[in-house]
Visitor: 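Shown below is the structure under consideration.
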Amino acid sequence: MAIGGLASTFATMFVGATGPLVNALFARSFADRGKLVANAALAMSFQHGLKVAAFGALGFAFWKWVPVIAAMIATGYLGTITGARILSVVPERVFRRVFKLLLTLLALDLIRRALL
């Protein structure tokens, strides 16, 4: 788990879309879907925080992007509320099947993009 965490944290500086990798690593570690989602969200928040710090230290001009950043925060919040409601009503078995399917589709899309 530690090696996977270090690898995904390093990769996020260059790839950006490491959420599917983090979720795949966590999927077998957490039997409860709530714990899985919470820990994956915490890991992604940590990784994005590191990116903000690194790009800020390198002189990235965040102020030019404030409207986009605000929109991303707002839609992320709405997605969190919606996702929590859905998560509370979907049975564990259905969640796991849909989760695996979505991770597979995301992985295939990332491979497709890398090849183009």
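This structure is a prediction, so every number in the text was calculated from the model and none was measured.
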Visitor: Look at the side-chain heavy atoms of Ile, Leu, Val, Met, Phe, Trp and Tyr, link any pair under 4.5 Å apart, and say whether L106 and I86 land in one connected group.
Guide: no

Visitor: What residue pairs, at least two apart or across chains, pass salt bridge (Lys or Arg N to Asp or Glu O under 4.0 Å) with a residue in residues 18-38?
Guide: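 Listed by first then second residue: R33-E92.
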
Visitor: Specify the closest pair of heavy atoms between L21 and S8, including all atoms of both residues, with the distance to one decimal.
Guide: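 Result for this residue pair: CD2-CB, 3.7 Å.
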
Visitor: Please check this pair: side chain of R96 against backbone of A27, looking for a donor-acceptor N/O pair closer than 3.5 Å.
Guide: yes

Visitor: Considering only distance and modelled atom types, tabulate donor-acceptor pairs under 3.5 Å from the side chains of residues 109-116, sequence neighbours left out.
Guide:
residue: D109; atom: OD1; partner: R112; partner atom: NE; Å: 3.1
residue: D109; atom: OD1; partner: R112; partner atom: NH2; Å: 2.6
residue: D109; atom: OD2; partner: R113; partner atom: NE; Å: 2.9
residue: D109; atom: OD2; partner: R113; partner atom: NH2; Å: 3.3

Visitor: Which other residues end up in the same hydrophobic cluster as L50, if Ile, Leu, Val, Met, Phe, Trp and Tyr are linked when side-chain heavy atoms come under 4.5 Å apart?
Guide: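 Taking Ile, Leu, Val, Met, Phe, Trp and Tyr as members, L50 shares its hydrophobic cluster with F46.
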
Visitor: Are M44 and N23 close enough, and set up right, to give a side-chain contact (heavy atoms from CB on, under 4.5 Å), and what steps lead you there?
Guide: CA-CA 10 Å; M44 297 314 311; N23 279 291; 5.5 Å; no

Visitor: May I ask whether F30 and L42 are part of the same hydrophobic cluster, defined by side-chain heavy atoms of I, L, V, M, F, W, Y residues being less than 4.5 angstrom apart, directly or through others?
Guide: no

Visitor: Please write out which residues are connected to M72 in a hydrophobic cluster, directly or through intermediates, given that two of Ile, Leu, Val, Met, Phe, Trp, Tyr count as joined at side-chain heavy-atom separations below 4.5 angstrom.
Guide: V52, F55, L58, F60, F62, W65, V68, I69, I73

Visitor: Among all residues two or more places apart in sequence or in another chain, which pass the side-chain contact (heavy atoms from CB on, under 4.5 Å) test with A43?
Guide: V22, F26

Visitor: Report the hydrophobic cluster partners of L105, with the cluster defined as I, L, V, M, F, W, Y residues connected by side-chain heavy atoms closer than 4.5 angstrom, directly or transitively.
Guide: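 For the cluster that includes L105, the remaining residues are L101.
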
